[in-house]
K.L.:
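Sharing a structure here in structure tokens format.
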Amino acid sequence: MIFIDACFKRQTPYTPVWMMRQAGRYLPEYMAVRTRVGDFLSLCKDYKSAAKVSLQPVEILGVDAAIIFSDILVVPLEMGMSLRFERGEGPVFDEPLTNLEDLNALDSEKAVKKLSYVYDALALTREKLSQDKALIGFCGSPWTIATYMIEGRGSKSYAKCKKMLYQDPKLLHKILAKLTHTLKLYLEAQIKAGANAVQIFDSWASALEKEAFFEFSFKYMLEISHFIKQKYPQIPMILFPKGISGYLDGINGDFDVFGVSWDTPLSLARELLSDRYALQGNLEPCRLYDKNAIKSGVESILRTMKGVAHIFNLGHGIMPDIPVENAKFFVRLVQESSAR
């Protein structure tokens, strides 16, 4: 698999490409399945439909890897928290975590078993996916998941989380430790079900100042990654902490691929990290609105990454109103241009 070879910094005939959120609303085929199934969580739990939409970007766009269709918040949901998705607002936990008693009520082992619909979707997707295409499993980072559990919803200030971080850091560490334990088992189960690689999404890494990032986020991602690499060295581990360009000098640990968000200069990531890790990224997602912007962005990134291990991706998820033709153009352009 070209994607796996790139993760391990092996020679590849061209730069492999996939997109975060590639199974999603910009595809009419996805919307047809979503309409039939109902709401977002119902789609996550319907393993046959989840497998179907996971395969769509490979079939329609020709990307080099599928990523399983799910959500990072199914983990706290199955640990025992009440989760719903509000139109226009996103995920909502009606009873956020506030104390140790709330945390103790959550069950890690039960959650890992109840997440069987994710493993079933992975197994079915792997069965139907071409053997030369990789299947990526994933989870959220403990910090990013914890922000939703504590805030009760998405946040711009993360005030409740940060109040806990500075006033009661022991409690926050206990929350993060319990999530870390759960996520280790969750990713292991995904690998057993057929995932060829796994990625940890730290979407809200940039909410933390440097010292706090390494103590309350990166440390726990490395613990998960080390657990997986010790047991499954053949499985690439990808870490994606979004928006931490100022912290790259502290990045070090047992993983294979570092995902670079669009707001981080790829040249800086190359300078500081490419001797140890393959780099993934980092086209600005909104460039996909215009083919000329795609072309100039792709050419610039391929020049920057010439001679080092690279997986092409967007610097965050694809926007829901991107024209499908532009997404196809992007994928073809990367594959054809990098093969020259």
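We count residues from 1, following the sequence as given.
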K.L.:
Can you get from L248 to L222 by hopping between Ile, Leu, Val, Met, Phe, Trp and Tyr side chains that sit under 4.5 Å apart?
P.N.:
yes
K.L.:
Are L83 and P76 close enough that some pair of their side-chain heavy atoms sits under 4.5 Å apart?
P.N.:
no
K.L.:
May I ask you to decide if G62's main-chain N or O and K328's side chain share a donor-acceptor pair within less than 3.5 Å?
P.N.:
no
K.L.:
Contact between M237 and H226 at the side-chain level, heavy atoms closer than 4.5 Å - yes or no?
P.N.:
no
K.L.:
Give a yes or no on whether a salt bridge exists between D46 and K52, defined as a side-chain N under 4.0 angstrom from a carboxylate O.
P.N.:
no
K.L.:
So which heavy atom on I200 is nearest to which on L239, and how close?
P.N.:
CD1-CD2, 3.6 Å
K.L.:
Mark yes or no for whether K174, through its side chain, and L100, through its backbone, hold a donor-acceptor pair below 3.5 Å.
P.N.:
no
K.L.:
Measure up the H310 and F312 rings against each other and bin them: parallel (under 30°), tilted (30 to 60°), perpendicular (over 60°).
P.N.:
tilted
K.L.:
Is the backbone of W204 close enough, under 3.5 Å, to the side chain of T144 for a donor and an acceptor to pair up by distance?
P.N.:
yes
K.L.:
Kindly assign one of parallel, tilted or perpendicular to the pair Y277 and F255, based on the angle between their ring planes and the thresholds 30° and 60°.
P.N.:
parallel
K.L.:
So do M31 and R25 actually touch side chain to side chain, heavy atoms under 4.5 Å?
P.N.:
yes
K.L.:
Contact between L288 and Y26 at the side-chain level, heavy atoms closer than 4.5 Å - yes or no?
P.N.:
no
K.L.:
What class does the angle between the rings of Y220 and H173 fall in, given that below 30° is parallel, 30 to 60° is tilted and above 60° is perpendicular?
P.N.:
tilted
K.L.:
Mind checking whether I244 and M221 sit in one hydrophobic cluster, side chains of I, L, V, M, F, W, Y counted as touching below 4.5 Å?
P.N.:
yes
K.L.:
Counting distance only, does the side-chain N/O of S296 pair as donor-acceptor with the main-chain N or O of A293 below 3.5 Å?
P.N.:
yes
K.L.:
Under the side chain to side chain donor-acceptor pair (under 3.5 Å) criterion, do H181 and E109 qualify, and how do the steps go?
P.N.:
CA-CA 9 Å; H181 172 69; E109 275 66 27; 2.8 Å; yes
K.L.:
Measure up the Y119 and Y186 rings against each other and bin them: parallel (under 30°), tilted (30 to 60°), perpendicular (over 60°).
P.N.:
tilted
K.L.:
When you measure from the side chain of Q22 to the backbone of I318, do you find a donor-acceptor pair of N or O atoms at a distance under 3.5 Å?
P.N.:
no
K.L.:
For the pair F240 and F201, name the ring-plane relationship: parallel under 30°, tilted 30 to 60°, perpendicular over 60°.
P.N.:
perpendicular
K.L.:
Got more than 12 heavy atoms from elsewhere within 6.0 Å of CE, M1?
P.N.:
yes
K.L.:
For the side chain of T125 and the backbone of A121, is there at least one donor-acceptor N/O pair under 3.5 Å apart?
P.N.:
yes
K.L.:
Are more than 12 heavy atoms from other residues, nucleotides or ligands located less than 6.0 Å from atom CD of E95?
P.N.:
no
K.L.:
Decide, yes or no, whether a salt bridge links R84 with D39 under the criterion of side-chain N to carboxylate O below 4.0 Å.
P.N.:
no
K.L.:
Please find out if less than 6.0 Å separates the ring center of Y47 from that of Y117.
P.N.:
no
K.L.:
For K163, is the NZ atom crowded, meaning more than 12 foreign heavy atoms sit under 6.0 Å from it?
P.N.:
no
K.L.:
For K242, run the side-chain contact (heavy atoms from CB on, under 4.5 Å) check against V260, D263, D202 and tell me which one passes.
P.N.:
D263
K.L.:
If you count the non-hydrogen atoms of other residues, nucleotides and ligands that lie under 6.0 Å from CZ in R276, is the total more than 12?
P.N.:
yes
K.L.:
Judged by atom type as modelled, is there a donor-acceptor pair below 3.5 Å linking the side chain of R126 to the main-chain atoms of L129?
P.N.:
yes
K.L.:
Check this for me: E101, atom CD, are more than 12 non-hydrogen atoms of other residues, nucleotides or ligands nearer than 6.0 Å?
P.N.:
no
K.L.:
Under a single-linkage definition using a 4.5 Å side-chain heavy-atom cutoff for Ile, Leu, Val, Met, Phe, Trp and Tyr, are L27 and W18 assigned to the same hydrophobic cluster?
P.N.:
yes
K.L.:
Evaluate the side-chain proximity of M164 to I175: yes if any heavy-atom separation is below 4.5 Å, no if none is.
P.N.:
yes
K.L.:
Do Y30 and F69 have ring centroids that are under 6.0 Å from one another?
P.N.:
yes
K.L.:
Under the salt bridge (charged side-chain N to carboxylate O under 4.0 Å, His left out) definition, can you give me all pairs with a residue in residues 287-302, not counting sequence neighbours?
P.N.:
K291-E325, K295-E299
K.L.:
Report yes if some heavy atom in the side chain of I251 is under 4.5 Å from a heavy atom in the side chain of L272; otherwise report no.
P.N.:
no
K.L.:
Does the pair E188 and Y232 meet the rule for a side chain to side chain donor-acceptor pair (under 3.5 Å), with working shown?
P.N.:
CA-CA 9 Å; E188 181 173 29; Y232 304 96; 2.7 Å; yes
K.L.:
Is it the case that the side chain of Q280 and the backbone of I238 share a donor-acceptor pair, with hydrogens and angles ignored and the cut-off at 3.5 Å?
P.N.:
no
K.L.:
Salt bridge or not between K162 and E209? Use side-chain N to carboxylate O under 4.0 Å.
P.N.:
no
K.L.:
Are V331 and D64 packed together at the side-chain level, in the sense that at least one heavy-atom pair is separated by less than 4.5 angstrom?
P.N.:
no
K.L.:
Taking the side chain as C-beta and beyond, is there a heavy-atom pair between V74 and K114 under 4.5 Å?
P.N.:
no
K.L.:
Could you tell me whether the side chain of E151 and the main chain of K160 form a donor-acceptor pair under 3.5 Å?
P.N.:
yes
K.L.:
Would the distance check show the side chain of S225 and the main-chain N or O of D254 forming a donor-acceptor pair, the cut-off being under 3.5 Å?
P.N.:
yes
K.L.:
Can you confirm whether more than 12 heavy atoms, excluding those of E86, are under 6.0 Å from its CD atom?
P.N.:
yes
